[in-house]
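The figures here come from the full heavy-atom set of this structure, side chains too, leaving out hydrogens, waters and symmetry mates. A, B, ... follow the sequence lines: proteins, then strands. Residue 1 opens every chain. Keep in mind the model is a prediction, meaning the values are calculated, not measured.
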Protein chains: 2
Amino acid sequence: MSHTLGIRQAQKQKTRQALLDAALGLLEEQSLSSLGLREVTRAVGVAPTAFYRHFRSTADLGVELVQEALGSLHPMIESTVTADGDSDERIVRTVELIARHVDAYPAHVRFIARERHGGVQPVREEIRRQLARFAEEVTVALAGHPESEGWSQDDLLMLAGLYVDQMLASACQFLEAREGAAEERDQVARMAAQRLRLISIGRHHWKS
Amino acid sequence: MSHTLGIRQAQKQKTRQALLDAALGLLEEQSLSSLGLREVTRAVGVAPTAFYRHFRSTADLGVELVQEALGSLHPMIESTVTADGDSDERIVRTVELIARHVDAYPAHVRFIARERHGGVQPVREEIRRQLARFAEEVTVALAGHPESEGWSQDDLLMLAGLYVDQMLASACQFLEAREGAAEERDQVARMAAQRLRLISIGRHHWKS
DNA sequence: AATTCCAGCGAACAGTTGTTAACTGCATGG
DNA sequence: CCATGCAGTTAACAACTGTTCGCTGGAATT
């Protein structure tokens, strides 16, 4: 299926990824609007001008980072929202999944949280677009559930948006509690689960 | 009560406020970590070195901006959460209040949203502290309500946090819809109200 | 084997940044 | 009325920024 890349293309993609990785690392302590192109190339060990072979600007690089951070997340959302089992079990499993993801890709999560309302418009818009896609996917999944009978399309979208926002908020809290004690992380997990429980209760008594 | 400031102190506070205002303006199109001190003084029309008479750094200025943006908000929160009337009425009024606030102080709201997870640690911490204060105040207010009977302290704090997060999320959405049509803002208002309704329903059926 | 292509390099550019130092003029307190 | 305090100034600093241009070496194509 996939044609093996030539030495040329392979090397290019390698430095390109190195630039993305270095940028992501530098962005743990600043925001994208203050990230300099020279800063990134210096971290990789490459000439400043090499940057232009891969990205038009740091904003451009930011947009690609959004896709890297969020693009691969759709299957996870899908599997979460269509999981079976008791309601409480599903909530606990979801919260665990979030915690695990934050632990596996902390820099990605931080980047999204930081740039969602950050100073670079194209990046903001890309995040917005991706999150809207999530909300849409969750909406269709919810529409399939039998509990969603009698729900209007608008209300389903409202609920989906609430879920997506909640996921992100929980991820942020896990991130903040990351350098803290294990006890603090458990506290965050409990809180996140309780929030989802309350939303779930509200959902089951909606217009009845 | 308050001693009339001398000409000296008055002039100082004037340029100090001018610096804060100019910074807030510049921060509509970038984030704090990329805000230069010279940029701010240039916007005010004052020498770069004058900056140091008021702030140690731009991060310092950021912390004070947080207090300006959030400090004056406590009475509003208080009045909202202790308001009387039907549940739906209160929700609609709350959403209206948020919309009005965003319209009156868009730059402040944008600043908080942007720097809540932004690249400057002291500012992040100050916002966190202020939001925690809000959550605490809401918690006490909720504890006074008769509907909160049987609620644990932890769950009350969870609910309060959910409310605070929800307020902020709604404020952000109003902000994003600000350059859009009036119809779009109405859509946001409806969504925000529906979210609060769902949370309210969940609250009333909590552990019963 | 000869030729084209192109990722990365090195040097240079004008402009910007934060920070220091020593100053000036004016409101203030004795 | 005179001496002190201090908000704001001017000048200079080394360090850094994004972007340009022409170059080079080796992979890719023919």
Checklist entry - Base, sugar-phosphate, or nothing: which does A:Ser57 touch, judged by heavy atoms less than 4.0 Å apart? => result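 The residue A:Ser57 makes no contact with any strand.
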
Checklist entry - B:Arg42 near the nucleic acid: base, sugar-phosphate alone, or nothing, with a heavy-atom cut-off under 4.0 Å? => result sugar-phosphate

Given atom [atom1] of [X] and atom [atom2] of [N], what is their separation to the nearest angstrom?
X	N	atom1	atom2	value
A:Leu26	D:dT17	CG	P	11 Å
A:Leu37	D:dC16	CG	P	15 Å
A:Glu39	D:dA15	CD	C1'	14 Å
B:Leu35	C:dT16	CG	P	16 Å
A:Leu5	D:dA27	CG	P	15 Å
A:Leu19	C:dA7	CG	P	13 Å
B:Gln11	C:dG25	CD	C1'	13 Å
B:Tyr52	D:dT9	OH	C1'	15 Å

Next on the checklist: Salt bridge or not between A:Arg129 and A:Glu126? Use side-chain N to carboxylate O under 4.0 Å.
Outcome noted: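 Yes.
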
Checklist entry - Do the charged groups of B:Arg116 and B:Asp165 touch, with an N to O distance under 4.0 Å? => result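 Counted as a salt bridge, because a side-chain N and a carboxylate O are separated by less than 4.0 Å.
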
Checklist entry - Closer to the 5' end of DNA chain C via nearest nucleotide, is it B:Thr49 or A:Val46? => result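 Result of the comparison: A:Val46.
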
Item to check | Closest-nucleotide 5' rank along DNA chain C - winner of B:Ile7 and A:Arg53 | outcome: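 Of the two residues, A:Arg53 wins.
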
Item to check | Given DNA chain D, 5'-ward residue of the pair B:Arg38 and B:Gln9, judged by closest heavy atom | outcome: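 Its nucleotide being nearer the 5' end, the pick is B:Gln9.
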
Item to check | A:Trp151 to A:Arg203 - nearest heavy-atom pair and separation | outcome: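 What the structure gives for the nearest pair is CZ2-O, 3.4 Å.
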
Next on the checklist: Pair B:Gln30, B:Glu39 - check side chain to side chain contact (heavy atoms under 4.5 Å, CB included), show working.
Outcome noted: CA-CA 12 Å; B:Gln30 63 185 307; B:Glu39 210 176 339; 2.7 Å; yes

Item to check | Donor on one side chain, acceptor on other, B:Gln187 and B:Arg190, under 3.5 Å | outcome: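 Their side chains do contain a donor-acceptor pair, which is all the 3.5 Å distance test asks for.
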
Item to check | Presence of donor-acceptor pair under 3.5 Å, side chain of A:Arg8 and base of C:dC6 | outcome: yes

Checklist entry - OP1, OP2 of D:dG8 versus side-chain N and O of B:Thr15: anything below 4.0 Å? => result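 For B:Thr15, the contact criterion (side-chain N or O under 4.0 Å from OP1 or OP2 of D:dG8) is met.
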
